[in-house]
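Just below is one structure, and these are the notes that go with it.
A note on names: the letters A, B, ... follow the listed sequences, proteins ahead of strands, and every chain is numbered from 1.
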Number of protein chains: 2
Amino acid sequence: MDMENRKEQIIERALVHIKKRGYLSFSYDHLSKELGLTKASIHYHFEKKESLGLAICDRIEIGLDQMILAINSMHIDPREKTMEFFRMRISHINSDEICPISAFQADFPYLPEILKQSVQYVTKKEIGCVAELLQDVHKNKNKNEAKAILLLSAMKGALQYRRAVGGEIMETISKQLEEIVQ
Amino acid sequence: MDMENRKEQIIERALVHIKKRGYLSFSYDHLSKELGLTKASIHYHFEKKESLGLAICDRIEIGLDQMILAINSMHIDPREKTMEFFRMRISHINSDEICPISAFQADFPYLPEILKQSVQYVTKKEIGCVAELLQDVHKNKNKNEAKAILLLSAMKGALQYRRAVGGEIMETISKQLEEIVQ
DNA sequence: ATACACTAACCTACTACTAAGTAAGTGTCA
DNA sequence: TGACACTTACTTAGTAGTAGGTTAGTGTAT
């Protein structure tokens with residue numbers, strides 16, 4: 001397989017693993033067996049685990065950009081745009097998974113410094129995305145930033161709760177997030 | 001040192017480690033070195049890591065009971081009681097830590113079955129605690145359960161966000177939680 | 001004497017990471 | 001056209017370090 005396809009394939013599988021079990025707990029061994037390669041081959045594409053971690057952060061960032069682009073091309077109510085962001089975000093996370101950014105945050109103290117920075121960057125970017133969508137609802141920048149953090153914290157906390165209390169929690173939370181957006 | 005004191009000491013240190021780095025990532029080796037013991041000695045008190053995990057869940061449950069007891073003996077507004085619960089909960093978590101229940105949830109798919117059950121139990125118990133405190137504010141049981149889940153999700157999500165965006169986030173969130181309680 | 005709290009030394013499995021080698025292809029020059 | 005240098009995408013076989021867990025034995029207080 002050519003370089004770019006294989007790299008993408010590894011990033012995609014690693015992202016699934018991170019959503020399932022976190023950054024520190026997934027291993028090149030698991031990953032390689034799933035892809036029908038050797039560990040060494042993954043090291044060929046991503047010299048260190050850290051390099052793969054950084055590539056995944058980039059991947060998440062690209063995903064955010066694509067979502068914002070898709071949402072801004074929709075002709076719907078501004079309130080609906082914010083909710084659409086959350087719907088899209090949740091739809092990429094299976095019921096046995098958590099948000100990959102949350103997974104990185106859970107392992108944060110033991111990440112290599114450069115990966116910490118990348119996680120910080122993508123975390124802040126996501127908050128910025130939501131805050132900007134909220135700007136079309138009410139024009140209070142400070143309040144929107146605070147609201148964005150609340151909405152995101154609640155959504156991601158809920159995704160983790162889902163593991164212990166079951167699936168119906170996300171509907172319960174979504175309804176209440178809608179009230180907060182209003 | 002006598003059995004009960006040592007056991008308590010191990011649980012206490014392990015709880016700190018779980019708040020800092022999660023259940024899967026803390027090790028008997030680290031723990032033993034901190035306590036000036038050997039790994040084997042910790043295995044003497046807690047045969048398996050799983051046993052220690054269960055003891056920590058018990059410990060968290062006892063902590064919840066004590067908080068509810070303390071809060072119910074206060075002569076304050078019902079709204080304030082709910083907020084006091086959150087203040088107490090947050091005060092036990094340092095700025096480089098996350099909620100231990102969240103930490104267990106983050107590692108959930110790879111916990112032994114019996115520990116999963118214990119985490120589920122303590123998760124639901126905490127939701128029950130908050131929902132009951134809310135019963136003194138508004139008497140709508142279903143809505144209070146939903147509100148409890150929202151408040152807890154937001155708080156715990158925010159504790160994880162704090163690692164990537166810094167400490168001032170908790171004040172921002174607390175103010176907004178107060179509005180939701182009203 | 002016996003139970004308790006502990007240690008030294010070990011085992012197996014798994015982690016990230018590396019060294020050395022190879023088959024298949026690409027580009028270039030006589 | 002064909003020989004040569006080089007690259008890509010891998011493999012096999014390792015390294016050192018750490019994980020959870022075990023076994024057999026030691027010191028001590030009652």
Of the candidate nucleotides D:dA19, C:dT7, C:dC4, which contains the atom at the shortest distance from the side chain of B:Y44?
->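 Of all the options, the side chain of B:Y44 is nearest to C:dC4.
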Measuring from A:C129:SG to A:I71:CD1, what's the distance to the nearest 0.5 Å?
->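 Going from SG on A:C129 over to CD1 on A:I71, the span is 8.5 Å.
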Taking [atom1] from [X] and [atom2] from [N], how many angstroms apart are they, rounded to a whole number?
X     : N      : atom1 : atom2 : value
A:N5  : D:dC10 : CG    : P     : 11 Å
B:I42 : C:dC6  : CD1   : P     : 10 Å
B:K33 : C:dT7  : NZ    : P     : 13 Å
A:H17 : C:dA16 : NE2   : P     : 12 Å

Close approaches to DNA chain D from residues 106-116 of chain B, in residue order (heavy atom, under 4.0 Å) =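 Result for residues 106-116 of chain B: none.
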Salt bridge B:E12-B:K7, side-chain N to carboxylate O under 4.0 Å =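 No salt bridge links B:E12 with B:K7.
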Filtered N/O pairs between nucleotides 20-22 of chain D and protein, under 3.5 Å:
from	atom 1	to	atom 2	distance (Å)
D:dG20	OP1	B:F26	O	3.2
D:dG20	OP1	B:K49	NZ	2.9
D:dG20	OP2	B:Y28	N	3.1
D:dG20	N7	B:K39	NZ	3.1
D:dG20	O6	B:K39	NZ	3.0
D:dG21	OP2	B:K49	N	2.7
D:dG21	N7	B:H43	NE2	3.3
D:dG21	O6	B:K39	NZ	3.0

Sort out for me which residue in B:V122, B:L111, B:L24, B:T123 forms a side-chain contact (heavy atoms from CB on, under 4.5 Å) with B:F104.
->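 Exactly one pass, corresponding to B:L111.
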Should B:I10 and B:V16 be counted in the same cluster of Ile, Leu, Val, Met, Phe, Trp and Tyr side chains packed under 4.5 Å apart?
->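 In one cluster: no.
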D:dT8 phosphate, OP1 or OP2: any side-chain N/O from A:R6 under 4.0 angstrom?
->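 The answer is no; no side-chain N or O of A:R6 sits under 4.0 Å from OP1 or OP2.
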